[in-house]
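One structure below.
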Amino acid sequence: MNQPTDPLDHPDPLDHPDPLRAGDSAATETLVRAYVRETGTVVPATGGLLHLPLPASHMALRLRVLYHSVTGRHRFGPARLVTSDRGGSLPADTPLVAAALIRESTLGRGVLPHTGGDAVSRVLNSAARITAHLTRRRAEARDDGFGSGSGSGGGGGGAGGSGGDMRTSFLDAEQALLLGHPFHPAPKSREEASERELNAYSPELRGSFQLHWFAAHPDVVVGESADGRTPGDLLRQLAAGAPADLPAGMVAVPAHPWQARDIVGRPAVAALLDSGLLRDLGPGGPRWWPTSSVRTVHRPDADFMLKLSLGMRITNSRRNNLRSEMRLGVRAARLLAAGPARRLRAEHPEFAILRDFGWVSVGRDEELAGGSGGGSGGGPESGLETAFRDNPFRGATAGLSEGLCVAGLLAERTGPGDGSPPRYRALLSEAVARTARAYGISTAEASGRWLAAYLDVLAVPLIRLQAWYGIALEPHHQNTLVALGADGLPRAGWYRDSQGYYVASSYADEVERLLPGAAEGLELVFDDAFVDERVAYYLGINNLLGLVGAFGALGLADEGELLRVLRARLELLRVTEPGAKGLLDLLLDAPVLRCKGNYLTCVDGLDELVGDVQTQSVYIDLPNPLAEAQR
């Protein structure tokens with residue numbers, strides 16, 4: 001590999017001293033990146049000018065291409081509004097760009113323009129949150145300039161320094177996503193919460209809070225676990241954090257504090273409160289730290305994480321926990337325990353799946369059905385649903401063995417506020433630098449070695465699980481974690497999240513033999529082609545091609561070289577794992593791949609937790625760079 005040149009040989013807009021300008025640049029760049037991907041707009045080479053004609057508004061936008069990415073992870077300079085045929089222009093900020101692009105997408109698809117107002121609002125909300133994140137982080141004094149070091153006290157100093165161990169903790173990576181998803185127009189939108197609440201609930205601001213507690217009569221407490229523990233058993237493990245005035249004969253049920261405020265007005269919950277079967281106890285117990293998903297919370301000394309129901313609208317959906325999803329998580333845990341987990345451990349001891357092994361709630365399905373519970377889609381949810389997730393990142397495991405959210409590893413940092421860049425643009429940049437030093441190789445060579453190790457500890461086990469059992473997952477960057485060794489290379493991997501489980505229909509009989517009734521009452525079995533299509537998006541486009549694009553945009557390696565590394569490994573896997581042939585044929589040979597369109601999903605106002613799994617989001621066809629890559 002040749003040593004790549006830094007695509008940004010001039011001041012990066014993200015490093016502007018004014019955090020409002022830096023945040024506006026980040027929001028505009030991400031919006032334009034998502035727009036050009038989903039409209040099929042051709043992006044010029046690095047250094048060229050992207051011209052976006054917007055006939056619906058009788059205007060055009062122009063942006064300098066700071067980095068052209070073959071996987072779509074382009075970098076752009078500030079947007080300019082073209083004012084004349086002779087090239088005159090004026091600065092264009094996020095409000096103008098959002099209104100113009102979304103108007104183009106509504107009118108261009110035969111929809112009245114006012115229907116895009118909600119999407120514009122979310123883009124602006126997200127931009128404001130990004131600015132708040134940058135302002136807060138720039139006020140922190142860090143040895144490496146900006147962006148690392150957890151405020152949790154949970155086992156992790158900063159990630160800076162050229163020597164010693166990378167001491168980045170689980171929470172550091174969870175708190176690193178200051179700018180958000182690189183292909184979402186409103187990656188940090190969080191509506192209906194006050195600034196005071198967001199200070200406590202936002203991982204980017206290192207927020208933490210006490211759980212809010214309700215006392216519930218055992219007759220209205222429901223739930224299950226994969227190992228036979230009752231809802232009462234699960235709640236007793238949390239009881240030490242409940243307020244001391246728990247009424248006799250009742251059990252303590254936790255809630256996110258924002259959710260606790262919201263649900264008391266829901267008819268089903270109000271009825272339980274009026275009847276005395278549910279009582280509001282208020283906040284209590286130790287503090288918990290939100291992870292990158294906001295609703296899942298972590299405590300470094302807890303045996304489990306909690307996935308709390310949160311009806312706040314975040315990006316594309318309200319994050320109410322659905323009981324169908326929580327039941328799916330428990331069923332998946334039982335299915336894995338019936339044989340697949342043992343085989344995975346034997347073949348890939350460095351890989352594990354974090355189970356959502358149990359859940360609890362208040363209110364029986366039949367009492368809440370019909371929408372009175374206020375859950376997404378009118379399902380049987382009271383809003384007091386909480387899932388219990390494995391937490392291996394605690395106690396003696398702190399430090400190098402902690403899993404780091406891949407999205408956090410790739411998350412871009414901005415400079416410290418004086419116009420200079422950060423010491424490392426992302427945690428990935430630091431990891432690769434460590435690898436290069438450890439082996440005396442170039443940054444580009446270290447990047448190739450890093451990608452190869454990542455494939456072995458994360459991608460290969462996931463593909464083999466599908467090849468062996470037809471069990472497929474949704475391993476996007478936020479759902480995957482890796483542990484880094486002292487040499488900066490990935491040495492262990494994890495998958496998390498109960499929402500993304502699929503069983504290919506050709507394996508349905510085998511899965512039924514492993515766990516009788518595995519798919520009963522759940523949306524779990526799907527056509528093989530549909531499963532392959534979704535995994536090609538989540539693992540192929542979002543995770544693997546997204547990783548390649550991040551290497552390129554961070555100036556670490558040539559994307560074409562990394563695509564060849566990726567293609568060679570997948571081709572070898574296609575030979576050794578015939579059960580994955582359908583997926584690998586798609587990834588390696590299909591000229592286009594189906595890709596979730598976060599921009600169009602946002603414009604259309606779709607809630608990804610509502611409706612059939614096949615129609616919850618807009619999907620588009622995306623050219624497949626792997627099909628063109630040569631070994």
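- Listed here is the closest heavy atom pair of Ala26 and Ile130: CB-CG2, 4.4 Å.
- Salt bridge status for Arg513 with Asp509: absent, with no side-chain N to carboxylate O gap under 4.0 Å.
- Shortest non-hydrogen contact noted between Asn320 and Gly311 is OD1-CA, 3.5 Å.
- Shown here for Pro182 and Thr30, the closest heavy-atom pair between the two residues is O-CG2, 3.6 Å.
- With hydrogens and angles ignored, the 3.5 Å screen pairs no side-chain donor or acceptor of Arg319 with any backbone N or O of Ser309.
- For the pair Arg33 and Tyr599, the cation-pi criterion (under 6.0 Å, within 45° of the ring axis) is not fulfilled.
- Separating the CD1 atom in Ile620 from the CZ atom in Arg594 is a distance of 8.0 Å, to the nearest 0.5 Å.
- Ion pair Arg318/Glu192 flagged as a salt bridge, since at least one NZ, NE, NH1 or NH2 atom sits closer than 4.0 Å to an Asp/Glu carboxylate oxygen.
- Ion pairing between a basic and an acidic side chain is recognised when a charged N comes within 4.0 Å of a carboxylate O; Lys188 and Glu204 show such pairing.
- Arg37 is linked by a salt bridge (charged side-chain N to carboxylate O under 4.0 Å, His left out) to nothing, counting only residues two or more places apart in sequence or in another chain.
- A donor-acceptor pair shorter than 3.5 Å can be found between the side chains of Arg190 and Ser202.
- For Ser225 (side chain) and Gly228 (main-chain N/O), a donor-acceptor pair under 3.5 Å exists by modelled atom type.
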Query raised in the report: Are Arg299 and Leu306 close enough, and set up right, to give a side-chain contact (heavy atoms from CB on, under 4.5 Å), and what steps lead you there?
Result: CA-CA 9 Å; Arg299 229 179 61 220; Leu306 299 176; over 6 Å; no
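- Under the 4.0 Å criterion applied to side-chain N and carboxylate O atoms, Glu385 and Arg323 are assigned as salt-bridge partners.
- Note that CG of Leu335 is 7.5 Å distant from CG of Leu524, once rounded to the nearest 0.5 Å.
- Looking only at atom types and distance, the side chain of Asn598 has no donor-acceptor partner in the side chain of Thr601 under 3.5 Å away.
- With hydrogens and angles ignored, the 3.5 Å screen pairs no side-chain donor or acceptor of Asp527 with any backbone N or O of Ala529.
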Report task. Give the intermediate values and the outcome of side-chain hydrogen bond (donor to acceptor under 3.5 Å, both in side chains) for residues Arg206 and Gln175. Result -> CA-CA 7 Å; Arg206 310 196 198 284; Gln175 296 171 343; 3.1 Å; yes
Query - From CA spacing to verdict: side-chain contact (heavy atoms from CB on, under 4.5 Å), Leu101, Leu31 - result: CA-CA 9 Å; Leu101 294 183; Leu31 172 62; 3.9 Å; yes
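- Atoms CG and OH, on Leu336 and Tyr501 in that order, are 5.0 Å from each other to the nearest 0.5 Å.
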Requested in this report: Applying side-chain hydrogen bond (donor to acceptor under 3.5 Å, both in side chains), run through Tyr502 and Glu474 and close with a yes or a no.
Outcome: CA-CA 9 Å; Tyr502 306 82; Glu474 293 183 354; 2.4 Å; yes
Requested in this report: Tell me, with the steps shown, if Thr480 and Asn543 meet side-chain contact (heavy atoms from CB on, under 4.5 Å).
Outcome: CA-CA 9 Å; Thr480 48; Asn543 199 312; 3.4 Å; yes
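- A 4.5 Å side-chain heavy-atom check between Arg136 and Asn199 finds at least one atom pair inside the cut-off.
- Rounding to the nearest 0.5 Å places CG of Leu124 at 10.5 Å from OG of Ser189.
- Ring pair Phe183/His181 is perpendicular by interplanar angle, where above 60° counts as perpendicular and below 30° as parallel.
- Ring geometry, His256 versus Phe209: the interplanar angle falls from 30° to 60°, so the pair is classed tilted.
- Remark: Ile541 CD1 to Cys595 SG distance equals 4.5 Å, nearest 0.5 Å.
- Of all heavy-atom pairs between Ser382 and Ser361, the closest is OG-OG, 3.4 Å.
- Arg129 and Glu195 are joined by a salt bridge, as a carboxylate oxygen and a charged side-chain nitrogen come within less than 4.0 angstrom of each other.
- Side-chain contact annotation: His476 with Asp497, donor-acceptor N/O pair under 3.5 Å absent.
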Query raised in the report: Going through the distances and angles, do Asn321 and Arg295 end up as a side-chain hydrogen bond (donor to acceptor under 3.5 Å, both in side chains)?
Result: CA-CA 10 Å; Asn321 287 341; Arg295 62 171 161 169; 2.6 Å; yes
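- Taking Glu174 as the reference, Arg496 meet the salt bridge (charged side-chain N to carboxylate O under 4.0 Å, His left out) condition, with sequence neighbours excluded.
- Of the charged side-chain nitrogens involved, none lies within less than 4.0 Å of a carboxylate oxygen, so that Asp301 and Arg394 do not count as a salt-bridged pair.
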Requested in this report: For side-chain hydrogen bond (donor to acceptor under 3.5 Å, both in side chains), just list the numbers for Thr94 and Thr28, CA-CA rounded to whole Å, side-chain angles, deciding distance to a tenth of an Å, and then say yes or no.
Outcome: CA-CA 5 Å; Thr94 300; Thr28 299; 2.8 Å; yes
Query raised in the report: Please walk me through it: do Leu238 and Trp213 pass side-chain contact (heavy atoms from CB on, under 4.5 Å)?
Result: CA-CA 11 Å; Leu238 275 174; Trp213 295 91; 3.9 Å; yes
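- Remark: the backbone N or O of Gly329 is not paired with any side-chain donor or acceptor of Asp356 at under 3.5 angstrom.
- Between atom CD1 of residue Ile353 and atom OH of residue Tyr495 there is a gap of 8.0 Å, rounded to the nearest 0.5 Å.
- In this structure Glu191 satisfies the salt bridge (charged side-chain N to carboxylate O under 4.0 Å, His left out) test together with Arg313, sequence neighbours excluded.
- In this structure, Leu272 and Val362 have side chains that are in contact, with non-hydrogen atoms separated by less than 4.5 Å.
- Exactly one of Phe393, Phe170, Phe304 qualifies for a ring-ring contact (aromatic ring centres under 6.0 Å, His included) with His298. That residue is Phe170.
- Between Pro340 and Leu465 the shortest heavy-atom distance is CB-CD1, 4.1 Å.
- Looking at every heavy atom in both residues, Val264 comes nearest to Val269 through CA-CG1, 4.2 Å.
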